[in-house]
Every structure is written in C-alpha cells, then in structure tokens.
2 protein chains.
Amino acid sequence: MINDSSMRIVRALRDWIAGAPAGARLPSTRSLVTSYEASPVTVQKALRTLTAQGLIESRPGVGTFVRAVRTARPSDFGWQTAALGTSHSRLTSAAATMRPTPGGGIALHGGYPDKELLPDRLVRAALLRAARSESALTRSPVSGNPDLQSWFASELAADTPLGVNSVLASDVIVLPGSQSGLSSIFRALVSVGQPLLIESPTYWGAILAAEQAGVRLIPVPSGPYGPEPEDVARAFEETGARAFYAQPNYANPTGAQWSQDTATQILDVVKTYGAFLIEDDWAHDFGITTNSTPVAAQDDGGHVVYVRSLTKSISPALRVAAIIARGPARERITADRAAASMYVSGVLQAASLDVVTQPGWQTHLRGLRQQLQSRRNLLVDSISQYASAAEVTTIPTGGLNLWIRLPDATHLPELITECESNNVFIAPGNGWFPAEPTGPHIRLNYSGPNPGAYPEAAQVIGRALNQGTNSVR
Amino acid sequence: MINDSSMRIVRALRDWIAGAPAGARLPSTRSLVTSYEASPVTVQKALRTLTAQGLIESRPGVGTFVRAVRTARPSDFGWQTAALGTSHSRLTSAAATMRPTPGGGIALHGGYPDKELLPDRLVRAALLRAARSESALTRSPVSGNPDLQSWFASELAADTPLGVNSVLASDVIVLPGSQSGLSSIFRALVSVGQPLLIESPTYWGAILAAEQAGVRLIPVPSGPYGPEPEDVARAFEETGARAFYAQPNYANPTGAQWSQDTATQILDVVKTYGAFLIEDDWAHDFGITTNSTPVAAQDDGGHVVYVRSLTKSISPALRVAAIIARGPARERITADRAAASMYVSGVLQAASLDVVTQPGWQTHLRGLRQQLQSRRNLLVDSISQYASAAEVTTIPTGGLNLWIRLPDATHLPELITECESNNVFIAPGNGWFPAEPTGPHIRLNYSGPNPGAYPEAAQVIGRALNQGTNSVR
C-alpha cells in the first residue's frame, strides 16, 4: 500500500523540517507539486503522513507549518490506571498466529491460507461485478442478503437426512467473520459467570471470545477422534452447563474428526441435558481424505447452533460467515448481533455469493483438496524424517494444521526463539489450551506460502529439538 | 438480488412438486437446463432455493428428490426456554430506523443517506481498483491498513491546536463500522455493572451497545447546545462513573452542537474526575452551516476516546470506522477488538481510503453540504407550514435529523400507524431515551429518498396530529 513517490517527498521534507525553525511555513502545495514533479494527490498524501507523524500541522486557509512543539513532552496516561482498574481477563492484543512474517521466513505459525490456495480469479471477478451492482451503495438487511442466507441454508440442507426438518433461509444470520459470531453466541446463550463446556485443546479465538463474554470455561479433553461422550455427559452433570463449544470436523489445532457414532452420541448427550452444541464448522471446505459432515444436519430440535465461515476458503479480505440457529436461541443471537454490528457490508456478501455460485468454485475446491493433501503429506514426511523427536499426534483427514507433541523436556519458548533465529516461524501450542497445557506442543500450519521449504523447516525444528534436549541433559 | 429466470424455474418446479409423490425424483439438471432454456447456474440456483424452502433434497451422486416429510411436524423449541433463562437485557432485534420501507412510501424514519447523497462514481471506481489490488486476497493487520490509520490520524491532527500533541497513526484502530467499536469501548473501559454517563436523548445504537456490555446507564439531560457542564460534574460526583458517552457535534437525534466553551468545560470536568469522554463523531462529514470540530483535538492526556465513521458518508456497503485512543485505554480496546472480530476486510479499507483521498471527495463534500441544507430547510418549512403543532426543537447546524416535540396529548403509536397508513414513515422518539421519554417526540431524517415529497409528508403528519388531538378532546 506504500506509495513510493509520496514516501520520496516525505523523506525530502523531513530533512527540510529538521533544518527549519519551529513555526516555519512550508512551501504551498502548488509549489511542492512543481518541485517534486508529483501530483497534488501525492503531495497531499505526503503532508498527511508528516502531520500524522507530528512534524507539521496545517491551519485551514492559512498554510502548513513546522510544529512548534517538536520535542513534545511525553504524555502521562497514569490517571488511566485508576480509571480502568485491574484487567478482568487475560485478553492479549495479538496472538501468535496473527503475527506477520518477516520477509524470507518460512511461516508455519499462521492461520490463513496463502494466495496460491485461494480462488484468485473468481474473487477478483466477483468484486468487479459487486462494484458495478446495486450492492455497492445500499445497506444490507440486518440478517443478511436473502440469497446468501438461502445459500448457507441449502449447504446444510444438502447434508440433512430424510425425516429431519432441514433449516430454512430465515434461520441464517450472516456475519462479518465467524469470530464476531462466537462472541455473540456465547453472550446470547450463556450468562456472565455461567459455565460453558469447551474442547481442550481448541481454537484460541474461541477461548478469547468466551473470556470476553465473561463465561466460565469448563475444559473437556479431546483426542484424535474428539471427546468421549461420557466425559461430555459428566461435565454437563457436574457443572449444570447448558452449552458445549466444539469443532467436530478437522478441529483446530488437533485435526480431529468425530466419527458418525461419536457425533450421534454427543448429540444425544446434549439433548439429554437440554443443552446447546455450538458447532464451529471452520474447515468445511478443507476436507482432504474425508468430507466435513456437520452434526447440525442431524438436528431439528434447535440443539445445534452452527457456525460456518467462508473467510479462509474465499479470501481473508472477503470476511463473511453465518450462524444457523432455530427457535428463541436465534432471536437472542440476532438481538446481540444488532447491538454488536447492525449489518454486514453488502459488497462482501454479494461478492462471496458470486464466488460460491460460479461453476469454477467446485473446480477450485477439487484442486484445493489435492494441494492440501500434498502439502500435508510433505510436512508430515519432513517432520518424521528430520525431526523424529516431534510426534505428529494425528494425520488429519482435513483442515490446515498438524498438532505436534514435543518431548517432555522441551523448553518451548527457547525452541520457538531458536527456530525464529533460523527464519522458521512456528506457533507454541499453549494458546490452544483453556487451562494448563498437557505438555509441550506446537502447531504447524501447512497452508502458508512456500511449501517447498518444508524439509528445510523440519531440519531447523529437528536441530533445535536436539540442542534443547542436549542442553537439558 | 432476485434473479428472475431462476424464480421462473422455482415457480414451475413448485407446481410440479405439488403434484408429485414424496420421494419422487426430479429431472436431472441437464434436462432442466434444456426444458427451461436456462443456464446450469440458474437451474442450480432454483434447486438451492427449493432445498432451502424444504421442498426438495439432493443426495450427492444420486439425484434430487421431493422431500418425504413435506407437511413437517412443527419443531418444539420449548426446552430452550429453560436453557436460556429470562432475557437479561432489553435488546430488541430490529430498531425502528432499520426497517425497510415498502415501495412508494415516504421514508423519514431511516438513518442512512440515500444513494443520491453518496459519492457513487468514487465508490465504484475505488472498488474496481481494490478488486484488482493486493488487498483483495490478503489479510489486513489487526489494527488496520497503515495508510488508512494515518489518514484518520491526520484528519484529527488537522484540527489540533498548537501546543497540543496530536495523535499518531498508531493510536488508530480501524473498525468494521462504529457500532462494533462502541461495544468494545464500553466493555474495555467500563466493567459489567459499573456506571456510564450518557446524554439523554442519544443514539439508540449506543444505548443498545451499552446494555449489551452490561454497564449501568446514567442519563445526563442534553438540550439544543448539549448538556450543562455542572450536570455532568454532578453525575460523575454522585455515581463515581469514569466515562461519559456523548456526541458533541450534530448529536443524534437532537442535532445539538456543543459550543467551544461547553466543550472546554466538559473536557475540564472529565479531567477533574479522572474520567474518559467517549466522543462519537458520527456526523463529521455532515456539517451544514458549521463544521464538526472534535473535542478530541483539544486533548492530549488520553481523556478522549474518539470514534469516527465513514459508513454514512461513503456508502453503507463500505463499512469502515475508527477509534482513536491513547495509553492503556488503547491497549484494552485493541485486545477487545481482537476477541470481537480479529481484523477488518482489507478490500473495504483500501476502497474507503481510495475514496477519501481522491480530489473528487472534497468536491463531493461541498455538494453534500448544499444538498443537506436545502433538504433540511424544506423539511423545516414544510413542518412549520403544515404541522404547526409539531415543534422543531432545534434547527440543526449539521447532521441528518430533525428532532420534534409533539403536543403532550399525542398518542405516539397511533400517530405512527396513522402516518404509515398514508405511506409516511416516521420514527417514534422513545428509542433515543435511555430512561423514560420526557414527552412524545419523533425523529425525521432528511437524508432519505425523494425530498420533493416533504410538503406532502408534513401534511400527513399535520392531519394525523389534528385527528389525535381531536379524539383526545
């Protein structure tokens, strides 16, 4: 996004300002246009940048001046400490997976697929059509674009067995990304201080959203095939919880997929306790050797509140997701959504619907499946060849991640730092545990750029692990 | 968004289904393409619609069938009542201002400017450029596009007087619309159950967001020139509140604008009580006879948390806004934003930045000013000519609304219904009061479609008022 010619002017003017007295008047925009052979827009942009940097200030109708207070006294925000009190949650401002990667690094820590895995041409064509359509200048209805609601409903209806009432378009609430949906669901279905069952380990963003909503997390251990139905029943029994957050297909981070049996049994448990299953189908489009079959498709009693996102499969810039819920739960969630964000950009909704209804979308998904399979296989092979101390807990049948158990003696922060100093970026597993981690884990994402570097990355991880073990001994 | 040729097929197939036995197999997509002379995409769309309506179901690889359970047993969601408990807030799912207008009606109830007032060509051109840029396929940083952060900072810096440290680009947090920002600010700065001062009347969306955040609202009366500084001081003193939500420029609904004196005094009060002023500058671009000068520009102690939205001035489809805050408050808000939504669509950010940095943007704003002035004047004149019982409380110097006090005897719901039966849509004032309304009010928005109909609308309101008064007597 950096406009080079405006940066050139910024640099030149910064030198000029350094030598000018406070309050000196800058040359007029017109004369800067001439001196720097740049357009007025570029000059204005440079001036805005310098203003934002606190070096100059403009007085409308008078001119632009070198700021009088250049070595500004530092502001004292100490009073805010009294006003804000102690922090009531462990919200952190940037999780490991959202960190940008320095140029040239091998990024295994991220959560978003690389451009190479996105339907580039479909996205651009859809945005071009949306730019020309009515949707560019009108407000979307609060619950979403009706055709997009209909599409989300039909996707779930396609998996619904005979004899089960399928969901309707009016059960769908369109969201600006699934993260804001999780917050709303937790607030709407669980009161502040009340218990919420949650798989452990599980998606850190869900842990964050639950803490923001002020609910009390009750971890339920989840293995390579999901949690044991008896564990879920016991947790409901002991805590009186009325909701369980889970990712039955390609769970993040473990890659676990519930079997049909597990799904049926857990749905029965949920019904027995008069509770909700909050099903986060984040990786619906990322099946590799199986498909994602939502538990929600088996339920017509309003027990499953279903979340599906298109952000990662279409483009991180087209953030669109949906909640599907029935009965009073849907009303509660809709009311919370209205308070939280009113409505979703119609341009993003129109463009997303356009992408998923093109014939090219199915072709894209088939190609994606193959790419994910080769990437996953290459990463698994590389780890077992070069970092055999690292145990891949499950070969995932879908999703974007490997969840890896490291030897007990591993010092995780040292390992991460050691890998980073060799330009390999990995995510420490601790963030995925709602309570204490059960041991040192890392998560490796195989949807980032440059999969050809997986063997090299595995070598770095392997060497770092060996060093760590040696130093402990 | 309705595709006519797909609706044609939906209607025809619905007739066919009505006459078919449950479980009957529909003709293949290919033969439907031939029969209806439509594209495969159109046929697929019709089938999706029928699926979402619960009339058919597809079994992948087998075919599409008339649903066995067509007169489905109604689902019983009664168990949810026990799981959800009583509703802990008075969140309503759709506020009066968000209602769509039936065709042909005169819409004075809405909150979003008509297309005629939007920079149509700039928006479309910006979206086209964004569709072709990197931003279409990449994830934005958590706090926003750096150039857009810089622009928001420079806008505020332009109003900052000499000797006050202006804000930096890094103080800016980009949002997907200001509504979600209000929720985050209230959660981050005020704990659950703690007091928050708020102007009364004020923006209903802020009342909604505050209730969602679980804070306790303390109304401060606000007149045509804003609240009395002494009232604000007394409210801080009596309640121990540490934050005050206000709209110092062109307040919604009253149109009030604080004088320079009021702003300085209230900022002093806020500093005295070690508190935050949450300044919602929603109508920054909608000055008519004055400009919006943010209170935030006078503060460098981190006391003002500033919210500015571009949604209403650029396009309701490009939802972009920003919070500007300093010190630990910014950290708290950033952490809440990460939990609430992660990041904002880069396409919307790139397109918004593109619009506001075009030379045509300033031209657009000048034209908008004139249009708002004629619309406001016409509506004021129409009301005083045809509905003299309705008192325009202030001639607003900016913003989009007239706030009207009606005679004490007015029965508001009857008046609204009577006007609607004559195709005139107005918003009852009750929603803008955080406590009981101080009398019957309505809000009339003069940025909707068809301003030529204002005299006619005023006549309808005038007649309804006279009828109401007569029937009471």
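Note on naming: letters A, B, ... go to the chains in the order of the sequence lines (proteins, then strands), and numbering restarts at 1 for each one. Only a predicted model underlies this, so the values are computations on that prediction, with no experimental measurement involved. These numbers come from the heavy atoms of this one structure, side chains and all, not from hydrogens, waters or symmetry mates.
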### Task
Apply side chain to side chain contact (heavy atoms under 4.5 Å, CB included) to the pair B:R332 and A:L84, showing each step before the final yes or no.
CA-CA 9 Å; B:R332 289 267 172 114; A:L84 293 170; 3.7 Å; yes

### Query
Donor-acceptor pair, B:S345 side chain versus A:A317 backbone, under 3.5 Å?
yes

### Query
Regarding B:R319 and the six-membered ring of A:Y343, is the cationic atom NZ or CZ under 6.0 Å from the ring centre and inside 45° of its axis?
yes

### Task
Pick whichever of B:L137, B:L148, B:V347, B:L47 has the most heavy-atom pairs under 4.5 Å with chain A.
B:L137

### Option that, when pairs with chain B are counted at under 4.5 Å, heavy atom only, ranks first among A:A213, A:A275, A:P359
A:A275

### Query
NZ of A:K115 to CD of B:E134: how many Å apart, nearest 0.5 Å?
3.5 Å

### Task
Give the member of B:S150, B:A131, B:G327, B:P176 that has the highest number of heavy-atom pairs under 4.5 Å with chain A.
B:A131

### Task
Could you check which of A:E155, A:R132, A:K271, A:Q44 has the highest count of heavy-atom pairs closer than 4.5 Å to chain B?
A:R132

### Task
Please identify each residue that fulfils salt bridge (Lys or Arg N to Asp or Glu O under 4.0 Å) with B:R139, with sequence neighbours left out.
none

### Message
Check whether A:E57 reaches the backbone of B:A157 with its side chain - one donor and one acceptor, N or O, closer than 3.5 Å.
### Response
no

### Task
Drop me the distance from B:Q212's CD to A:S183's OG, to the nearest 0.5 angstrom.
9.0 Å

### Query
Which distance, rounded to the nearest 0.5 Å, do you find between the CG of A:L127 and the CG of B:L128?
9.5 Å

### Message
What part of A:D159 gets within 4.5 angstrom of chain B, counting heavy atoms only: side chain, backbone, both, or neither?
### Response
neither

### Approximate separation, where rounding is to 0.5 Å, of B:D300 CG and A:F77 CZ
7.5 Å

## Note on the structure
Ranked by heavy-atom pairs below 4.5 Å to chain A, first place among B:Q349, B:Q149, B:Q194, B:M342 goes to B:M342

## Note on the structure
Comparing B:P328, B:G274, B:A153 against chain A, the one with the most heavy-atom pairs below 4.5 Å turns out to be B:P328

### Query
Just by distance, do the side chain of A:R124 and the backbone of B:S133 share a donor-acceptor pair under 3.5 Å?
yes

### Query
Who among B:A169, B:S58, B:A158, B:G301 has the most heavy-atom pairs with chain A under 4.5 Å?
B:G301

#### Entry: Main-chain N/O of A:R326 paired with B:Q80 side-chain donor or acceptor, under 3.5 Å
yes

### Query
What distance do A:T138 atom OG1 and B:L118 atom CG have between them, rounded to the nearest 0.5 Å?
10.0 Å

### Task
Decide yes or no on side chain to side chain donor-acceptor pair (under 3.5 Å) for A:T357 and B:R48, but give the supporting numbers first.
CA-CA 10 Å; A:T357 52; B:R48 272 201 313 280; 4.9 Å; no

### Task
Sort B:L348 into side chain, backbone, both or neither according to what part of it lies under 4.5 angstrom from a heavy atom of chain A.
side chain

#### Entry: Heavy-atom contact with chain B under 4.5 Å, split by part of A:V172
neither

### Query
Quick one: of A:Y273, A:F152, A:W151, A:F65, who has the most non-hydrogen atom pairs under 4.5 Å with chain B?
A:W151

### Query
Between the main-chain N or O of B:A340 and the side-chain N or O of A:Q179, is there a donor-acceptor pair closer than 3.5 Å?
no

### Query
Looking at A:S184, A:A82, A:G302, which makes the most heavy-atom pairs under 4.5 Å with chain B?
A:G302

### Task
Assign the ring pair A:F276 / B:W79 to parallel, tilted or perpendicular, where the plane angle (0 to 90°) is split at 30° and 60°.
tilted

### CD on A:E211 to CG on B:D336, rounded to 0.5 Å
12.0 Å

## Note on the structure
Ranked by heavy-atom pairs below 4.5 Å to chain B, first place among A:A83, A:S180, A:S315 goes to A:A83

### Task
Among the options B:T311, B:L156, B:L168, pick out the one with the most heavy-atom pairs lying under 4.5 Å from chain A.
B:L168

### Check: B:S154 side chain, A:T51 main-chain N or O, donor-acceptor pair, under 3.5 Å
no

### Task
Check A:D147 against B:K45 and note the closest heavy-atom contact, atom names and distance.
OD2-NZ, 3.8 Å

### Query
In terms of heavy-atom proximity below 4.5 Å to chain A, should B:R337 be classed as side chain, backbone, both, or neither?
neither

### Task
Identify which of A:G177, A:A329, A:P161 forms the greatest number of heavy-atom pairs closer than 4.5 Å to chain B.
A:A329

